[in-house]
Protein chains: 2
Amino acid sequence: MKKTIFIFTSLIIALLAIFQINKYHLISQDVSMQFVIATIAVVFFIIGSVISKKTSHSITVSSQEINQAKIDELGISNREHEVLCKVAEGLSNKEIAHQLYVSESTIKTHVSNLLVKLNAKRRTQAVQIAKKLKIIPL
Amino acid sequence: MKKTIFIFTSLIIALLAIFQINKYHLISQDVSMQFVIATIAVVFFIIGSVISKKTSHSITVSSQEINQAKIDELGISNREHEVLCKVAEGLSNKEIAHQLYVSESTIKTHVSNLLVKLNAKRRTQAVQIAKKLKIIPL
DNA sequence: ATGAAATTCATACTTTAGTATGAGTACAAT
DNA sequence: ATTGTACTCATACTAAAGTATGAATTTCAT
């Protein structure tokens, strides 16, 4: 958000500079004046689009962004969350173990801990709960 | 989208009009010139924001209906679909059996058939695939 | 450096899940 | 009436998932 303000401010300064240049050198020429105005319009149009996209990204897409606060609240560790995502993809413990280069028993431990933390009885239920809490993507 | 183009065009014309007025009446006054430029900037910033918001809205919102055609294509029966939804809720075979007033072996049969039809190895994967194909809610 | 939390792994066990096979019932279409 | 489809159920089995316990290692902040 600070970046946005910075960029915004810079562009205003830049445009004022262009205006000043225009004022002292080309003030009476229609063509350059229209060019300046067109440039300003385009630049601010782009700025508006970008900012809107970024802010609306955190609003509309927030329904698909992970809720880190909830993860912390439930005491789910990084590794556990990683495993949880793999479980949500429909992978078996063995497949997850291979993908993460650990043993199957390690995955079993993680899954077991996840079930407790998510208050679930099965991995399918854990996925369902995790999606409801928005702690896993989509 | 046609509305957007219309609004966009109208505003360009409006701004050019303002420019013309400015040209013939206030061309030498800095204050009004800056005002015009500021107005242009703000207007186009708003236009950019609105357009961006509308387009991104139409992208993010459109997605939440079940695909009956796909269900038929895969040859999934009513009962199977019913079971599939229960599986997606994270229920066990036994729990589903109780809810549907049938035996657990019946559910096992349905699930087994579903796995074949959805080309899945596990129930978790079946849920994942089903959601991707939009044949189960959310 | 030390203690807490995180990660890893194993073994032994119980419980679900999933497969294979066969079969009975009901119902709609031919 | 016969055929096909959907639904039901059982038995017996294999495979995967999940629990419990204990322990070694690593990481990280106090």
Side-chain angles (χ1 to χ4, degrees), chain A residues 66-133 135-136, chain B residues 66-133 135-136:
Chain A
I66 58 168
N67 187 348
Q68 185 61 43
K70 204 74 189 177
I71 294 172
D72 296 340
E73 184 188 325
L74 295 171
I76 295 172
S77 70
N78 289 348
R79 201 59 160 172
E80 281 166 355
H81 185 262
E82 205 171 351
V83 171
L84 179 58
C85 292
K86 299 287 185 184
V87 169
E89 289 174 22
L91 300 178
S92 69
N93 289 338
K94 193 176 290 182
E95 287 170 341
I96 297 170
H98 287 159
Q99 285 194 13
L100 300 184
Y101 304 106
V102 294
S103 78
E104 190 183 342
S105 43
T106 301
I107 302 302
K108 281 189 178 186
T109 305
H110 288 320
V111 172
S112 213
N113 291 332
L114 278 166
L115 295 183
V116 173
K117 290 175 182 176
L118 287 169
N119 194 29
K121 288 174 188 169
R122 284 163 292 282
R123 50 169 50 212
T124 47
Q125 198 180 4
V127 171
Q128 170 75 0
I129 292 168
K131 286 187 179 177
K132 199 170 287 177
L133 298 177
I135 63 182
I136 51 175
Chain B
I66 58 167
N67 188 348
Q68 185 62 45
K70 203 75 191 176
I71 295 173
D72 297 341
E73 183 189 326
L74 294 172
I76 295 172
S77 70
N78 289 348
R79 202 56 161 172
E80 282 166 354
H81 186 262
E82 205 171 350
V83 171
L84 179 58
C85 292
K86 299 288 186 184
V87 169
E89 289 174 23
L91 301 177
S92 69
N93 290 336
K94 194 177 288 182
E95 287 170 342
I96 298 170
H98 287 158
Q99 284 194 14
L100 300 183
Y101 305 106
V102 294
S103 79
E104 190 183 341
S105 43
T106 302
I107 303 301
K108 282 190 177 185
T109 305
H110 287 319
V111 172
S112 211
N113 291 332
L114 279 166
L115 295 184
V116 174
K117 290 175 182 177
L118 288 169
N119 194 29
K121 289 173 188 168
R122 286 164 291 282
R123 50 169 54 212
T124 48
Q125 197 181 5
V127 171
Q128 170 76 0
I129 292 169
K131 286 188 178 177
K132 197 170 288 177
L133 298 177
I135 63 181
I136 52 175

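These numbers were taken from a predicted model, which means no experiment stands behind them. A, B, ... follow the sequence lines: proteins, then strands. Residue 1 opens every chain.
Between the CG atom of A/Asn78 and the C1' atom of D/dC28 there is a distance of 13 Å, rounded to whole Å. Atoms CG (A/Leu114) and C1' (C/dT7) sit 13 Å apart, rounded to a whole Å. Residue A/Glu82 contributes atom CD, which lies 9 Å from atom P of C/dT7 at whole-angstrom precision. Look at NZ on B/Lys117: it is 16 Å from P on C/dG18, rounded to the nearest Å. Between the NZ atom of B/Lys121 and the C1' atom of C/dA17 there is a distance of 16 Å, rounded to whole Å. The NE2 atom of B/His98 sits 14 Å away from the C1' atom of C/dT16 (whole-angstrom rounding). Remark: C1' of D/dT5 and CG of B/Asp72 are 14 Å apart, rounded to the nearest angstrom. Nucleotide C/dT19 holds its C1' atom 11 Å from the CG atom of B/Asn113, rounded to whole Å.
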Set out, line by line, the N/O atom pairs under 3.5 Å between protein and nucleotides 15-17 of chain D.
| residue | atom | partner | partner atom | Å |
| --- | --- | --- | --- | --- |
| D/dA17 | OP2 | A/Asn93 | N | 3.1 |

Using residues 125-132 of chain A as the side-chain source, report each donor-acceptor pair under 3.5 Å to any protein atom, sequence neighbours left out, with the distance given to one decimal.
| residue | atom | partner | partner atom | Å |
| --- | --- | --- | --- | --- |
| A/Gln125 | OE1 | A/Lys121 | N | 3.0 |

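When heavy atoms are screened at a 4.0 angstrom cut-off, B/Ser103 is found touching the sugar-phosphate backbone but no base atom. Across all strands, A/Thr106 comes closer than 4.0 Å to base atoms (heavy-atom distances).
The terminal axes of the helix from C/dA1-D/dT30 to C/dT30-D/dA1, fitted over 5 pairs per end, subtend an angle of 50° to the nearest 10°.
In this structure, CD1 on B/Ile96 lies 9.0 Å from CG on B/Leu84, to the nearest 0.5 angstrom. To the nearest 0.5 Å, the span separating OG1 on A/Thr124 from CG on B/Leu91 amounts to 7.5 Å. A distance of 12.5 Å separates CD1 in B/Ile107 from OG in B/Ser112, rounded to the nearest 0.5 Å. Note that the CG atom of B/Asn67 and the CD1 atom of B/Ile136 stand 12.5 Å from one another [nearest 0.5 Å].
Taking a cutoff of 4.0 Å between a charged side-chain nitrogen and a carboxylate oxygen, B/Arg122 and A/Glu95 qualify as a salt bridge.
Listed by chain and number, the residues in a side chain to side chain donor-acceptor pair (under 3.5 Å) with B/Asn119 amount to none (sequence neighbours excluded). Scanning for side chain to side chain donor-acceptor pair (under 3.5 Å) contacts around B/Lys108 gives an empty result, with sequence neighbours left out.
Side-chain N/O atoms of A/Ser77 include one lying less than 4.0 angstrom from OP1 or OP2 on C/dT7. An OP1 or OP2 oxygen of C/dT8 is reached within less than 4.0 angstrom by a side-chain nitrogen or oxygen of A/His110.
The listed nucleotides are D/dT8, C/dG18, C/dA6; the one nearest the side chain of B/Arg79 is D/dT8. Of the listed nucleotides (D/dC7, C/dT8, D/dC9), C/dT8 has the atom at the smallest distance from the side chain of A/Val102.
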For nucleotides 20-30 of chain C, 5' to 3', base contacts (B), sugar-phosphate-only contacts (S) and non-contacts (-) with protein non-hydrogen atoms under 4.0 Å give -----------
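Formation of a donor-acceptor pair under 3.5 Å by the A/His110 side chain with backbone atoms of A/Glu82 is not found in this model. A/Lys94 places no side-chain N or O within 3.5 Å of a backbone atom of A/Glu104 that could act as its donor or acceptor partner.
Residues B/Asp72 and B/Gln68 bring a donor and an acceptor atom of their side chains to less than 3.5 Å of each other. Side-chain atoms of B/Thr106 and B/Ser103 form a donor-acceptor pair, as typed in the model, at a separation below 3.5 Å.
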